[in-house]
Asker: 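For reference, the structure I am asking about is given below.
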Amino acid sequence: MLKLALFAGDGIGTEVAGEAVKVLKFLLDSHSIGYEIEEGLVGGASYDEYGKPITEETLKIAKDADAVIFGAVGGPKWESLPIELRPEKALLSLRYDLDLYANLRPAKIYDELIDASPLKKDVVRGTDMMIVRELTGGIYFGQPRGVFDLEDGQKKGINTLVYTTKEIERIAKIAFEIARKRRKKVLSVDKANVLECTELWRNVVAGVAGEYKDVELTNMYVDNCSMQLIRQPKNFDVIVTTNMFGDILSDESSMVAGSIGMLPSASLNGKKGMYEPIHGSAPDIAGQNKANPLAAILSAAMMLRYSFDMDTLAEKIEKAVEKVIKNGYRTADIYSNAPGTKLVGTEDMGRAVIDELKK
Ligand code: NAD
């Protein structure tokens with residue numbers, strides 16, 4: 001029995017998560033796999049109902065579940081609230097409370113959508129990488145931090161880059177496990193030539209590699225990596241890196257792949273995870289049946305793979321998405337008027353994926 005939590009959130013979050021759940025239910029039902037889905041309000045929807053972006057009860061639903069399906073939160077209606085009441089706080093509370101230390105962002109280019117990438121076709125064709133970013137440590141959390149007054153009237157800003165062996169080991173293991181399900185290559189990205197903390201990172205990752213002799217480990221400095229990502233994106237398989245480097249490199253990699261409406265993500269603590277599209281609640285198109293649900297649907301596939309080891313079912317969803325794209329279905333964000341394509345809405349796109357799964 002899969003125990004799932006569904007937090008659809010605000011704006012297009014409800015639309016795309018709705019389609020993802022329809023796809024998931026169809027697939028699980030047709031394979032006679034039992035599941036239960038408990039829903040909760042998050043973000044602006046929770047604020048409107050309970051006066052806060054996430055309640056203790058909703059956090060408990062997440063803690064009790066094996067995996068959380070998340071839509072998106074936010075919108076202009078709640079933008080002027082104090083920071084601790086804003087919808088986005090729900091996301092941070094979930095990451096913190098569930099200790100979701102590994103953020104996975106795949107970036108894959110579909111041949112039919114190659115024009116959506118700002119890079120040359122020959123450079124991006126075949127790109128299929130996974131960035132594994134450490135999410136709960138590093139310079140974003142290290143102490144001391146802050147801006148301090150100096151005696152001579154100047155100010156001093158401090159942030160601290162800190163990682164322990166344990167923190168590095170656990171994220172490295174995730175990267176190696178993922179590589180085993182892919183092309184068996186891990187690239188660890190650091191700045192070991194300048195930062196001692198990332199020299200430790202490099203050494204600890206090398207130690208973990210000893211347990212994964214079937215996976216090839218290489219290292220790269222972050223400045224070189226940011227260049228190589230644009231130069232030869234198809235050379236990358238799994239990249240594992242620190243919180244800040246991963247923040248920057250994962251945004252860079254998502255542009256290689258084109259539309260934001262296509263990119264899923266997972267945030268994991270071991271097998272437990274939260275799965276969401278990388279995009280936000282898109283207030284400009286919310287409620288209009290225009291949003292691309294494929295990122296959310298692909299996030300559900302990630303859930304099957306990483307929380308439940310159901311690789312075959314995950315692949316079924318991924319193949320169905322590929323086929324739907326091949327067959328010319330396009331939501332507005334990926335529509336280019338090319339011959340053989342048809343503009344469809346959110347629900348039709350979700351339905352097309354289910355129709356493919358039926359075949
Ligand atoms: P956004 O990702 O919501 O939208 C950016 C642009 O991309 C918009 O033009 C939107 O229409 C388009 N877009 C996004 N997803 C799409 C999809 N699936 N299909 C088609 N088009 C899509 O980012 P934003 O506009 O900067 O933020 C809007 C709200 O979302 C803000 O309140 C922000 O804080 C919040 N946000 C939430 C999350 C999250 O919940 N994880 C992430 C980012 C932003």
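Because only heavy atoms are used, hydrogens play no part in the values below, and waters and symmetry mates are left out as well, while side chains stay in. Atoms within each ligand, like the ligands themselves, are counted from 1 in listed order.
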Asker: Do Tyr140 and Asn159 meet the criterion of a side-chain donor-acceptor pair at a distance under 3.5 Å?
Answerer: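 On atom types as modelled, these side chains do not qualify, holding no pair under 3.5 Å.
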
Asker: Looking at Arg170, Lys63, Lys272, which one forms a salt bridge (Lys or Arg N to Asp or Glu O under 4.0 Å) with Asp99?
Answerer: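 Only one of Arg170, Lys63, Lys272 forms a salt bridge (Lys or Arg N to Asp or Glu O under 4.0 Å) with Asp99, namely Arg170.
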
Asker: Of all the atoms in ligand 1, which lie at a distance below 4.0 Å from a heavy atom belonging to Gly75?
Answerer: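 Once the distances to Gly75 are compared, the set is 32 (O).
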
Asker: Under 3.5 Å, is there a donor-acceptor pair linking the side chains of Trp201 and Ser188?
Answerer: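 Side-chain D/A pair, Trp201 to Ser188: present.
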
Asker: Just go through Glu15, Glu88, Met349 and tell me whose heavy atom is the nearest to atom 31 (C) of ligand 1.
Answerer: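 The nearest heavy atom belongs to Glu88.
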
Asker: Quick test: of every protein heavy atom, which one is nearest to atom 19 (N) of ligand 1, and how far off is it to 0.1 Å?
Answerer: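 Answer, as residue, atom name and distance: Asn292 N, 2.8 Å.
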
Asker: Can you name the atoms of ligand 1, numbered from 1 with element, that are less than 4.0 Å from a heavy atom of Ile12?
Answerer: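 The list of qualifying atoms is 15 (N), 16 (C), 17 (C), 18 (N).
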
Asker: Looking at ligand 1, would Thr331 count as a contact under a 4.0 Å heavy-atom criterion?
Answerer: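 Thr331: no contact with ligand 1 (<4.0 Å).
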
Asker: Any atom of ligand 1 sitting under 4.0 Å from a heavy atom of Ser281?
Answerer: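 Yes, Ser281 has a heavy atom closer than 4.0 Å to ligand 1.
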
Asker: Where the closest heavy atom to atom 28 (C) of ligand 1 is concerned, which of Pro283, Gly280, Ser265, Ala332 has it?
Answerer: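 Looking at heavy atoms only, Pro283 sits closest to atom 28 (C) of ligand 1.
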
Asker: Restricting to side-chain hydrogen bond (donor to acceptor under 3.5 Å, both in side chains), what partner residues turn up for Thr160, sequence neighbours left out?
Answerer: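 Residues passing side-chain hydrogen bond (donor to acceptor under 3.5 Å, both in side chains) with Thr160: none at all.
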
Asker: Do Ser267 and Tyr101 have side-chain atoms, one donor and one acceptor, less than 3.5 Å apart?
Answerer: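 No, no side-chain donor-acceptor pair sits under 3.5 Å.
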
Asker: Below 4.0 angstrom, N of the basic side chain to O of the carboxylate: do Lys185 and Glu216 qualify?
Answerer: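 Looking at Lys185 and Glu216, the cut-off is not met.
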
Asker: Which heavy atom of Glu15 sits nearest to which heavy atom of Gln288, and what is that distance?
Answerer: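 The answer is OE1-N, 4.1 Å.
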
Asker: Can Lys22 and Glu19 be counted as an ion pair, charged N to O under 4.0 angstrom?
Answerer: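 A salt bridge links Lys22 with Glu19.
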
Asker: Grab the two heavy atoms, one from Ala175 and one from Val238, that are nearest each other, plus how far apart they are.
Answerer: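 So the two residues come closest at O-CG1, 3.9 Å.
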
Asker: Within a distance under 4.0 Å of any heavy atom of Glu276, pick out the atoms of ligand 1 and give their elements.
Answerer: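 So the atoms of ligand 1 that pass are 41 (N).
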
Asker: Quick one: which ligand 1 atoms are inside 4.0 Å of a heavy atom on Ile285?
Answerer: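 Selected atoms, number and element: 11 (O), 20 (C), 21 (N).
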
Asker: May I ask you to check whether Ala282 has an N/O atom sitting below 3.5 Å from an N/O atom of ligand 1?
Answerer: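 Among all N and O atoms of Ala282, at least one is under 3.5 Å from an N or O of ligand 1.
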
Asker: Can you sort out which atoms of ligand 1 are near Ala291, meaning under 4.0 Å from one of its heavy atoms?
Answerer: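 Going through ligand 1 atom by atom, the ones under 4.0 Å from Ala291 are 19 (N).
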
Asker: Can you tell me the protein heavy atom closest to atom 6 (C) of ligand 1 and the distance?
Answerer: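 In this structure, atom 6 (C) of ligand 1 has Asp284 OD2, 4.9 Å as its nearest protein heavy atom.
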
Asker: With no hydrogens and no angle check, is any side-chain donor or acceptor of Asn289 less than 3.5 Å from a backbone partner on Glu347?
Answerer: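 Looks like yes, one N/O pair under 3.5 Å.
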
Asker: Can you tell me how the ring of Phe176 sits relative to the ring of Tyr212, calling it parallel under 30°, perpendicular over 60° and tilted otherwise?
Answerer: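 If you compare the ring of Phe176 with that of Tyr212, the planes turn out parallel.
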
Asker: Who pairs with Arg330 by salt bridge (Lys or Arg N to Asp or Glu O under 4.0 Å), at least two apart in sequence or on another chain?
Answerer: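 Arg330 satisfies salt bridge (Lys or Arg N to Asp or Glu O under 4.0 Å) with no residue once adjacent residues are dropped.
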
Asker: In terms of atom number and element, which parts of ligand 1 are under 4.0 angstrom from non-hydrogen atoms of Ala72?
Answerer: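 Reading through ligand 1 atom by atom, the close ones are 40 (O).
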
Asker: Can you find a protein heavy atom closer to atom 41 (N) of ligand 1 than 4.0 Å?
Answerer: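 Within 4.0 Å of atom 41 (N) of ligand 1, protein heavy atoms are found.
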
Asker: Report the part of Glu79 (side chain from C-beta onward, or backbone N, CA, C, O) that has a heavy atom under 4.0 Å from ligand 1; answer both or neither where that applies.
Answerer: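 Neither; no heavy atom under 4.0 Å.
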
Asker: Can you find an N/O atom of Gly74 closer than 3.5 Å to an N/O atom of ligand 1?
Answerer: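 No - when backbone and side-chain N and O of Gly74 are compared with those of ligand 1, no distance drops under 3.5 Å.
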
Asker: Classify the side-chain pair Asp48/Trp78 by whether it contains a donor and acceptor separated by less than 3.5 Å.
Answerer: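 Yes, because at least one side-chain N or O of Asp48 sits under 3.5 Å from a partner of the opposite role on Trp78.
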
Asker: Can you sort out which atoms of ligand 1 are near Leu91, meaning under 4.0 Å from one of its heavy atoms?
Answerer: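 With Leu91 as reference, the close atoms of ligand 1 come out as 39 (C), 41 (N).
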
Asker: Compare Ile260, Asp333, Val73, Val16 and give the one whose heavy atom is closest to atom 12 (C) of ligand 1.
Answerer: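 It is Ile260 that holds the nearest heavy atom.
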
Asker: If you measure from atom 14 (C) of ligand 1 to every heavy atom of His279, Lys77, Arg86, which option wins on shortest distance?
Answerer: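 Shortest heavy-atom distance from atom 14 (C) of ligand 1: His279.
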
Asker: Determine, counting only non-hydrogen atoms of the protein, whether one lies under 4.0 angstrom from atom 16 (C) of ligand 1.
Answerer: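 When distances to the protein are checked, atom 16 (C) of ligand 1 has a heavy atom within 4.0 Å.
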
Asker: Just to confirm, does any protein heavy atom lie below 4.0 Å from atom 24 (P) of ligand 1?
Answerer: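 Looking at atom 24 (P) of ligand 1, one finds that no protein heavy atom lies closer than 4.0 Å.
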
